[in-house]
Amino acid sequence: MQRRNLFKVVLGASVLALAANAAFAQETVKIGLILPMTGPFASTGKQIEAAAKLYMAENGDTVAGKKIELIVKDDTNVADTTKRLAQELVVNDGVKVIAGFGLTPLALAAAPISAQAKVPQIVMAAGTAIITERSPYIVRTSFTLPQKASVMGNWAAKNGIGKAFSIVADFAPGHDSEKWFKDSYTKAGGTMVGEARVPLANPDFASFLQRAADAKPDAIFVFVPSGQGATFAKQFVERGLDKSGIKLIATGDLPDDDILNGFGDAALGLISAGPYSTAHPGAKNAAYVAAFKKANPSMRPNFMSVGGYDGMHLIYEALKKTNGATDGDALLGAMKGLSFESPRGPVTIDPATRDIVQNIYLRKVEKKDGELYNIEFATVEAVKDPDKASR
Ligand code: DHB
C-alpha cells in the first residue's frame, strides 16, 4: 500500500513537472529568421531584419497570449548554411516558424526541412515561381518575378517599345524574368532582338551592354537581384548608353529604393514594374516609411523590407486565428486566404498556391526634394503568379 502511494506521488510529481514544462514551452513562440546579413546580398538581410523588428516594436511581442521571440541567423548567402541553420533552429531551438530566405537557392535549401518537420516557412524575399511548390508549408510574402516581368513586357509593347533586348542575372529568378518578359512582350506585339544572361557572382555587364547596344533595341529590359543595380547603372553610364536614346526598363529589383540615390541622374526616366516603392502613396505607407527611417536613419525601406514586415503580420494574424496554437497545419490553414492592407497596398495569400496576390505598379524614376524615387503612374491590380496560372 505504502509503495503504491509512493509510486503515485512520484508519478504525480513527474506529470506536474511535464505540465509545467509544456506550459513554459507554450508561452514563447520562437521564429527563426534566416537571412544573408553579410556579403553581396546583405542589404536584403538588413532590410528584412529592420522591417521585422519594426513590426514587433509597433505591435508588441505578445500574440494570443504567447511571447514572440525572433532569432536572427546569418546564412552568408550559402545554401548549405541555410539548410543547417533551419535544421538547428527547428530541432535544437524548437522554433515554430522559419522565415527570411534572401535568395532562391537559400529558400530551396530550407524547403525539405519545412516539409519534413511540418514547420511554416515564410519566404520574405526570394522570387522564383517554383519555390512554393517545394514544400506544402511554404507561404510567400515577397513576390514572384513572373508577376513583375509579365506586367513590364505587356506595358512596353503597348507603349511604343517595338524592339527589346533582355539582360538578366543567370540564375532561376533571372530565367523566370527573361521568360515572362518575352512571353508577355511578344504576345502584345513586341519583338525581341536579343537576350543575354550575366553571371550572378561578380557581374561584369560591359560586354553584354555592348551586345545589347549593337542590336539597336528601343529598350533594354533588365533583371538583376537587389543590391546589384548600382553596378549595372555605373556600367550603363560608362558605356554611354544613357545618351544613346535606348530606354531602360526593368523589374523593380534594379531601381531598388535602398540604393537608387547612388545611381545618379542617369537613372532619371527608368521605368520598372514592381509591388512596392518607398514613394507609394497613401497613409499606411507614409507611416511605414517614417517609422522605418526613424528606427534606421541611414536606410530607405525597399521592396524587400515589406516582404519582412508583411511576413511578420502574417505570422501574428495566423497565431491570433489559431488562438496561439503553433501546429504547422493549423498555422498554414490560418494563413491561406488571408487578406490585409500592406504598406504596398491590398494583398491576399492565394489559398491554392500560397503565393502573394498583389498590385504591380508601373513606376518612373523622378527626382523629388533632391532624392531619386520610383514614382507610380499606373497600376495592374491583384496580380497572381502568372507562371502557376499558366500550368
Ligand atoms: C531574388 C533575389 C533578389 O535579390 C531579388 O531582387 C529578386 C529575386 C531571388 O533569389 O529569388
Side-chain angles (χ1 to χ4, degrees), residues 34-49 51 75-79 81-82 99-111 121-134 138-152 166-181 197-203 221-233 250-260 270 272-278 300-308 311 344 355-356 358 360 363 374 385 387:
I34 311 173
L35 291 164
M37 299 302 298
T38 50
F41 301 104
S43 71
T44 297
K46 291 192 175 132
Q47 285 273 337
I48 291 177
E49 182 193 27
D75 64 15
T76 70
N77 183 35
V78 174
T81 307
T82 314
F101 312 104
L103 289 100
T104 291
L106 312 177
L108 294 178
Q121 176 180 352
I122 312 304
V123 174
M124 296 170 159
T128 303
I130 49 112
I131 289 173
T132 44
E133 292 162 310
R134 295 298 174 90
I138 293 180
V139 181
R140 175 156 37 199
T141 56
S142 49
F143 48 78
T144 76
L145 270 310
Q147 282 179 322
K148 308 190 229 191
S150 63
V151 168
M152 191 68 255
S166 108
I167 298 181
V168 300
D170 192 5
F171 75 133
H175 305 165
D176 266 9
S177 302
E178 180 187 88
K179 175 183 189 299
W180 280 97
F181 176 79
R197 294 178 175 186
V198 184
L200 179 64
N202 307 312
F221 165 74
V222 183
F223 164 77
V224 291
S226 180
Q228 286 192 347
T231 311
F232 181 90
T251 65
D253 308 64
L254 174 71
D256 174 344
D257 285 304
D258 197 18
I259 54 175
L260 180 60
L270 187 162
S272 64
Y276 177 74
S277 149
T278 307
R300 289 205 306 198
N302 74 357
F303 65 104
M304 292 299 191
S305 78
V306 288
R344 68 183 110 175
D355 262 322
I356 191 161
Q358 59 191 336
I360 298 294
R363 311 94 49 89
N374 292 292
D385 174 39
D387 194 72

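Keep in mind the model is a prediction, meaning the values are calculated, not measured. Each ligand, and each atom within it, is numbered from 1 in the order the structure gives. Residues: numbered from 1 along the sequence shown.
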If we check side-chain contact (heavy atoms from CB on, under 4.5 Å) with Leu106, which of these qualifies: Thr44, Val123, Thr76, Thr82? Thr82
Backbone of Ile356 reached by a side-chain donor or acceptor of Gln147 within 3.5 Å: yes
What part of Phe223, side chain, backbone, both or neither, has a heavy atom within less than 4.0 angstrom of ligand 1? side chain
How far apart are the C-alpha atoms of Phe171 and Arg197, what are their side-chain angles, what is the distance that settles it, and do they pass the side-chain contact (heavy atoms from CB on, under 4.5 Å) test? CA-CA 8 Å; Phe171 75 133; Arg197 294 178 175 186; over 6 Å; no
Is there a donor-acceptor pair under 3.5 Å between the side chain of Thr278 and the backbone N or O of Asp257? no
Can you sort out which atoms of ligand 1 are near Phe143, meaning under 4.0 Å from one of its heavy atoms? 7 (C)
Identity and distance of the protein heavy atom lying nearest atom 4 (O) of ligand 1: Ser226 N, 3.0 Å
State whether the shortest distance between N or O atoms of Asp253 and N or O atoms of ligand 1 falls below 3.5 angstrom. yes
Once you restrict to heavy atoms under 4.0 Å, what part of Leu145 touches ligand 1? Side chain, backbone, both or neither. side chain
Answer with side chain, backbone, both or neither: which part of Pro173 has a heavy atom less than 4.0 angstrom from an atom of ligand 1? side chain
By ring-ring contact (aromatic ring centres under 6.0 Å, His included), Phe221 pairs with (sequence neighbours left out) Phe181
For Met304, counting its heavy atoms only, list the atoms of ligand 1 lying under 4.0 Å from any of them. 3 (C), 4 (O), 5 (C), 6 (O)
For Gly102, the ligand 1 atoms whose distance to one of its heavy atoms is below 4.0 Å: 2 (C)
Would you sort out whether Leu145 and Trp180 count as a side-chain contact (heavy atoms from CB on, under 4.5 Å), showing the intermediate values? CA-CA 8 Å; Leu145 270 310; Trp180 280 97; over 6 Å; no
Closer than 3.5 angstrom, by distance alone: can the side chain of Gln47 be matched with the main-chain N or O of Met304 as a donor-acceptor pair? no
Qualifying residues under salt bridge (charged side-chain N to carboxylate O under 4.0 Å, His left out), relative to Arg363, sequence neighbours excluded: none
I need the atoms of ligand 1 closer than 4.0 Å to a non-hydrogen atom of Phe171, numbered in the order shown. 10 (O)
Which ligand 1 atoms, with their elements, are less than 4.0 angstrom from a heavy-atom of Phe303? 6 (O)
Which ligand 1 atoms does Thr104 reach within 4.0 Å, using its non-hydrogen atoms? 9 (C), 10 (O), 11 (O)
Please state which part of Phe41 comes within less than 4.0 Å of ligand 1, counting heavy atoms only: side chain, backbone, both or neither. neither
